[in-house]
Peer 1: 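First, the structure itself, so that you have it in front of you.
As a basis for the values below, the full set of heavy atoms in this structure was taken, side chains included, without hydrogen atoms, waters or symmetry mates.
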Amino acid sequence: MRPVGSKYLLEEPLGRGATGTVWRARQRETAGSEAAVAGQPGETVAIKVLKEELANDPDVVMRFLRERSVLLRLTHHNIVRTRDLVVEGDLLALVMDLVDGPDLHRYLRDNGPFSPVGAALVTAQVADALAASHADGVVHRDLKPANVLLADGEDGMRPMLTDFGIARLADSPGLTRTQEFVGTPAYVAPESAEGRPQTSAVDIYGAGILLYELLTGQPPFSGQNTLQVLHQHLGEEPARPPGLPDPMWTVLERCLRKRPEERPSAENLARALRTVAEGIGASATPAQASAALGVAALLAPDPSPATVPDANGATTAASGDGSGAGDADPTQALPHSGATGGHDPAAETNVLPRTAAPGGPGAGGNADPTQVMPPVPGGPPQQPDGPHPWQSQLRAARDRNEQTQVRPVDPELDPLRRRPTRRPAPQQQAYGQQQAYGQQHAPQQHPPQQQYAPQRPPAQQPPQRYEPRQAPQREPRPRREPRQRSANPMRIPGLGCLKGCLFMVLILVVIGVLVWNFTPVPEWWAEGKSFWESTKDFFTKIGDFVKDLNN
């Protein structure tokens, strides 16, 4: 078991995904006012622990804290409720209600496709969840059967949409450099694949693919790699399943439109699916069947789709012609201020004139202080200086939960970096001892060096002579005493081996005597001897007979 924060305890993993691992957990104590649901000690919950690379990205952590209130207030009977968000050191976790039931992907794999009526009713409830989230400005962006859990309700299975905000948290500049979009390739919308601004229409496209998979058992687009799937999303139309009723195909075709402004809203999609389910059923009345055939009138596009915030927190929306704003706008060149009125790329760089400082004349250029412009009415609020409150809260949480402290170690106290004490070389010691020994035992034949001869003219000084040093006298070794010889000076080589051979011969003779006297070997020997003699006589007679015939 592993604790998460001070209120939850992980027990066993329930599943792993692209963004983290879902654990079955137990609440240890009642949550505080920061949680949406206080809970009771011993209550079972589900906790999704995000991956380490997500937890280590500051941008993801800031979004995690910024969208805390949005995720906690998102409540609907078809949405898995988020109870609490935990930030503990390098760990990010979402505490949710535990749903005891399979997800829609596993249910399809075990039971096969749905009937048209069942697929319409299940997708209608998913559309209700999307309508509630879009009303709060939350776009799922990763709608797929694996994110739809099936809970046991009073009226049967109740689909519940989960993982809200995970795609938003994972859409970080530091994490999306190696991929073109956030989500699953088989369920991604064309505008997400192209990197265009996204709205709530991406969830409608995902709902259309979900409905197609519920009807056929597989998504409409598939390929050997991600690139092939994305090309099909961008340029190919889905194939109509055989035997599909016309009203159901009308709903599918509207949801899978390539242009996001042509897709219906989530609320209109839920209403249209319920109308189709009533009109294609076995007990449908003529009025219901007629309403199902005219379902296209109910699939009106969303006039004000919910926008997806960009990396900086600003929202971007698709324009009427399909071109995005914000980051998608191309760089615009400002007009030239010269007399020509046009932009000349070859023109020299213009230097702005220096303005005098308001404090006094003569101060200008780089000496001018930075001037703060007055706030523009209706513009964004100015951010105060210093760290953001979320950054301070995050830093305090990490400092409080940090366990390992790294401190620099003094090199003199580090046993791995301590310099070893060098000892004098044995050759130098031997040479020094030899020199001292020679000086002590050398005969005093010459006067000491302190005594000098009388000074002579420089030209008459005798050349200096160097005498070789006498080798030190070694102490005589003690003489070895002669060994005491034995009384018998004769030594026979190999005598030990000979004794062993004679002993073995004696043993073999004794064994032979015992065998000859106490076993029937003599009788066998006599019988063999007689047999040999009779055989010899027989061959002798034959030889004599052959000689007689020759004669």
Side-chain angles (χ1 to χ4, degrees), residues 4 13-25 36-37 45-51 53-55 57 60 63-64 66-68 70-86 91-108 122-123 125-134 136-151 158-172 175-176 179 181-189 192 198 200 202-207 209-210 213 219 266 306 308-309:
V4 174
L14 299 178
R16 303 180 188 274
T19 56
T21 304
V22 180
W23 292 75
R24 179 190 300 272
V37 181
V45 295
I47 296 182
K48 182 159 189 176
V49 180
L50 301 186
K51 285 188 174 181
E53 54 265 25
L54 292 174
D57 190 347
V60 174
R63 293 179 181 182
F64 194 86
R66 188 185 304 121
E67 298 186 0
R68 177 189 182 95
V70 177
L71 296 178
L72 293 182
R73 76 167 182 261
L74 192 60
T75 57
H76 191 266
H77 65 280
N78 291 117
I79 297 177
V80 179
R81 181 177 52 177
T82 302
R83 304 165 63 105
D84 194 4
L85 280 77
V86 179
L91 183 142
L92 300 180
L94 287 86
V95 183
M96 301 173 290
D97 290 340
L98 180 63
V99 178
D100 290 331
D103 56 62
L104 199 53
H105 176 73
R106 182 180 303 177
Y107 187 87
L108 278 174
V122 170
T123 311
Q125 297 185 59
V126 175
D128 291 337
L130 293 177
S133 65
H134 294 171
D136 283 344
V138 180
V139 182
H140 193 284
R141 299 177 64 192
D142 194 17
L143 182 60
K144 56 185 178 181
N147 288 336
V148 179
L149 303 180
L150 298 178
R158 177 163 55 99
M160 302 187 67
L161 193 56
T162 185
D163 273 358
F164 270 96
I166 298 299
R168 165 73 175 138
L169 295 176
D171 188 9
S172 173
L175 298 175
T176 57
Q179 56 186 12
F181 57 89
V182 175
T184 307
Y187 305 90
V188 68
S192 300
Q198 305 172 31
S200 57
V202 299
D203 289 345
I204 304 302
Y205 190 88
I209 296 182
L210 174 68
E213 189 170 358
V308 176

Peer 1: Applying salt bridge (Lys or Arg N to Asp or Glu O under 4.0 Å), can you list everything that pairs with Asp97, at least two apart in sequence or on another chain?
Peer 2: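 For Asp97 the salt bridge (Lys or Arg N to Asp or Glu O under 4.0 Å) partners, ignoring immediate neighbours, are Arg81, Arg83.
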Peer 1: Begin with the C-alpha distance, continue with both residues' side-chain angles, and end with the deciding distance and a verdict on side chain to side chain contact (heavy atoms under 4.5 Å, CB included) for Asp142 and Val188.
Peer 2: CA-CA 8 Å; Asp142 194 17; Val188 68; over 6 Å; no
Peer 1: Measuring only between side-chain heavy atoms, which start at C-beta, is Leu161 closer than 4.5 Å to Leu143?
Peer 2: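 With C-beta onward as the side chain, the pair touches.
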Peer 1: Once rounded to the nearest 0.5 Å, what's the spacing between atom CG of Asp128 and atom OG of Ser133?
Peer 2: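 Result: 11.0 Å between the selected atoms.
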Peer 1: Could you report the tightest heavy-atom contact between Glu213 and Pro145, atom names first, then the distance?
Peer 2: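 Closest pair (atom of Glu213, atom of Pro145, distance): OE1-CG, 3.4 Å.
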Peer 1: Quick one: closest heavy-atom pair of Ala131 and Ala266, and the distance?
Peer 2: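 So the two residues come closest at N-CB, 3.6 Å.
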Peer 1: Drop me the distance from Leu150's CG to Asp100's CG, to the nearest 0.5 angstrom.
Peer 2: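 One finds 12.5 Å between CG of Leu150 and CG of Asp100.
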Peer 1: Go through the steps to decide whether Leu210 and Leu104 satisfy the test side chain to side chain contact (heavy atoms under 4.5 Å, CB included), and finish with yes or no.
Peer 2: CA-CA 10 Å; Leu210 174 68; Leu104 199 53; 3.8 Å; yes
Peer 1: Excluding sequence neighbours, so at least two apart, what forms salt bridge (Lys or Arg N to Asp or Glu O under 4.0 Å) with Arg158?
Peer 2: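 Salt bridge (Lys or Arg N to Asp or Glu O under 4.0 Å) list for Arg158, sorted by chain: empty.
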Peer 1: Side chains of His134 and Asp203: is there a donor and an acceptor less than 3.5 Å apart?
Peer 2: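 Short answer, yes.
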Peer 1: Can you measure from NE2 (His77) to CE (Met160) and round to the nearest 0.5 angstrom?
Peer 2: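 Interatomic distance, His77 NE2 to Met160 CE, rounded to 0.5 Å: 9.0 Å.
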Peer 1: Taking the side chain as every heavy atom from C-beta outward, state whether Leu92 and Val86 have any atom pair closer than 4.5 Å.
Peer 2: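 They are not in contact (no side-chain heavy atoms under 4.5 Å apart), so the answer is no.
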Peer 1: For the pair Asp103 (side chain) and His105 (backbone), establish whether a donor and an acceptor sit closer than 3.5 Å, ignoring hydrogens and angles.
Peer 2: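 Here the side-chain-to-backbone pair exists.
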Peer 1: Which of these, Val4, Val49, Leu14, sits in a side chain to side chain contact (heavy atoms under 4.5 Å, CB included) with Trp23?
Peer 2: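 Answer to the side chain to side chain contact (heavy atoms under 4.5 Å, CB included) test with Trp23 among Val4, Val49, Leu14: Val49.
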Peer 1: Is the shortest heavy-atom distance from the side chain of Leu74 to the side chain of Thr82 under 4.5 Å?
Peer 2: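 Result no, sub-4.5 Å side-chain heavy-atom pair not found.
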Peer 1: Are the side chains of His140 and Asp163 in touch, meaning some heavy atoms are under 4.5 Å apart?
Peer 2: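 They are in contact (side-chain heavy atoms under 4.5 Å apart), so the answer is yes.
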Peer 1: Quick one, Ile47 and Leu94 - any side-chain contact, counting heavy atoms below 4.5 Å?
Peer 2: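 Of all side-chain heavy-atom pairs linking Leu94 with Ile47, none is under 4.5 Å.
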Peer 1: Would you say that Tyr205 contacts Ser192 through its side chain, given a criterion of any heavy-atom pair below 4.5 Å between the two side chains?
Peer 2: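 Contact flag for Tyr205/Ser192 side chains = no.
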Peer 1: Nearest 0.5 angstrom please: Met96 CE to Leu149 CG, how far?
Peer 2: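 Met96 atom CE to Leu149 atom CG measures 8.5 Å (nearest 0.5 Å).
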Peer 1: Sequence neighbours excluded, which residues qualify as salt bridge (Lys or Arg N to Asp or Glu O under 4.0 Å) partners of Arg73?
Peer 2: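 None.
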Peer 1: Of the non-hydrogen atoms in Ala46 and Leu98, which two are nearest, and what is the gap between them?
Peer 2: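 Distance-wise, the nearest heavy atoms are CB-CD1, 3.8 Å.
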